[in-house]
Asker: 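Dumping the structure here so I can ask a few things about it.
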Amino acid sequence: MNRLHIILGDITTIQTDAIVNAANTTLLGGGGVDGAIHRAAGPDLLKECRTLHGCPTGQAKATKAYRLPCRYVIHTPGPIWRGGMQNEDALLASCYQNALRLACELNCQTVAFPSISTGVYHFPLARAARIAIDTILCSLQAHPEIHCVTMVCFDKHTQAAYEQALAEKEQLNG
Ligand code: APR
């Protein structure tokens with residue numbers, strides 16, 4: 001059965017065990033999906049984030065979800081695109097890997113991701129989508145306890161890029 005879904009939507013409304021936040025290394029909030037998650041969760045999210053003292057790019061830290069309709073928020077700072085020669089691909093892959101590893105540790109069976117790094121951080125969308133899809137599918141094989149991962153795309157252009165990446169991967173796998 002298909003354990004990876006791609007939808008158009010607002011991740012702050014998704015009722016999974018955990019939603020992933022495309023954060024920055026301070027974990028003190030920002031714009032984009034980070035801002036939306038903090039607005040929807042309420043001020044207690046920032047209060048808890050302050051106790052975490054930041055998070056390195058590619059790593060992941062979890063908090064409670066407060067007013068959001070999920071159990072946890074997993075914060076992971078994606079890489080800022082700097083032309084592709086500063087280990088951006090590997091750092092982006094580690095965001096997805098570490099977020100799913102942490103979701104398992106928290107006994108989450110369903111996880112939702114935004115399109116990490118493809119907004120303010122300017123990571124090329126098609127390249128990011130391929131890395132995300134590859135890494136999620138690989139992690140799903142390693143973690144059967146994760147029942148379902150949902151890519152929540154905020155616009156149709158992003159949704160099309162992830163659907164394309166998944167279709168290419170399925171074609172490759174035959
Ligand atoms: N639900 C789902 N996806 C969303 C939402 C939302 N409510 N709001 C924005 N997005 C999408 C954007 O359209 C983009 O496709 O999330 C994707 C990631 O974009 P950003 O939020 O800009 O994240 P990123 O590119 O990783 O940059 C992170 O931006 O907001 C700051 O504090 C954050 O400094 C960090 C940087």
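Atom set for the values below is all heavy atoms of this structure, side chains included, hydrogens, waters and symmetry mates excluded. Note that the structure is predicted; figures quoted are calculated from it, not measured. Order of listing sets the numbers, starting from 1, for every ligand and every atom in it.
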Asker: Using a plain distance cutoff, I'd like to know if Y121 has any nitrogen or oxygen under 3.5 Å from a nitrogen or oxygen of ligand 1.
Answerer: yes
Asker: Identify, for atom 31 (C) of ligand 1, the protein heavy atom at the shortest distance, and state residue, atom and that distance.
Answerer: G31 N, 3.6 Å
Asker: Checking T13 against D10: is there a side-chain donor and acceptor pair closer than 3.5 Å?
Answerer: no
Asker: State if G29 counts as touching ligand 1 under the rule of any non-hydrogen atom under 4.0 Å.
Answerer: yes
Asker: List ligand 1 atoms under 4.0 Å from A22, heavy atoms only on the residue side.
Answerer: 23 (O), 26 (O), 28 (C), 33 (C)
Asker: Could you list which atoms of ligand 1 come closer than 4.0 Å to a heavy atom of D10?
Answerer: 1 (N), 6 (C), 7 (N)
Asker: Heavy-atom contacts with G30 under 4.0 Å: which atoms of ligand 1 show up? List them by number with element.
Answerer: 30 (O), 32 (O)
Asker: Can you tell me the protein heavy atom closest to atom 3 (N) of ligand 1 and the distance?
Answerer: F154 CB, 3.6 Å
Asker: Heavy-atom contacts with S115 under 4.0 Å: which atoms of ligand 1 show up? List them by number with element.
Answerer: 15 (O), 17 (C), 18 (C)
Asker: State the atoms of ligand 1, each with its element, that fall below the 4.0 Å cut-off from a heavy-atom position in A36.
Answerer: 7 (N)
Asker: Going by the order shown, which atoms of ligand 1 are within less than 4.0 Å of some heavy atom of D34?
Answerer: 30 (O), 32 (O), 33 (C)
Asker: Could you check which of V152, I37, V33 puts a non-hydrogen atom nearest to atom 9 (C) of ligand 1?
Answerer: V33
Asker: Under a 3.5 Å cutoff, is there a donor and acceptor pairing between the side chains of Y72 and T63?
Answerer: no
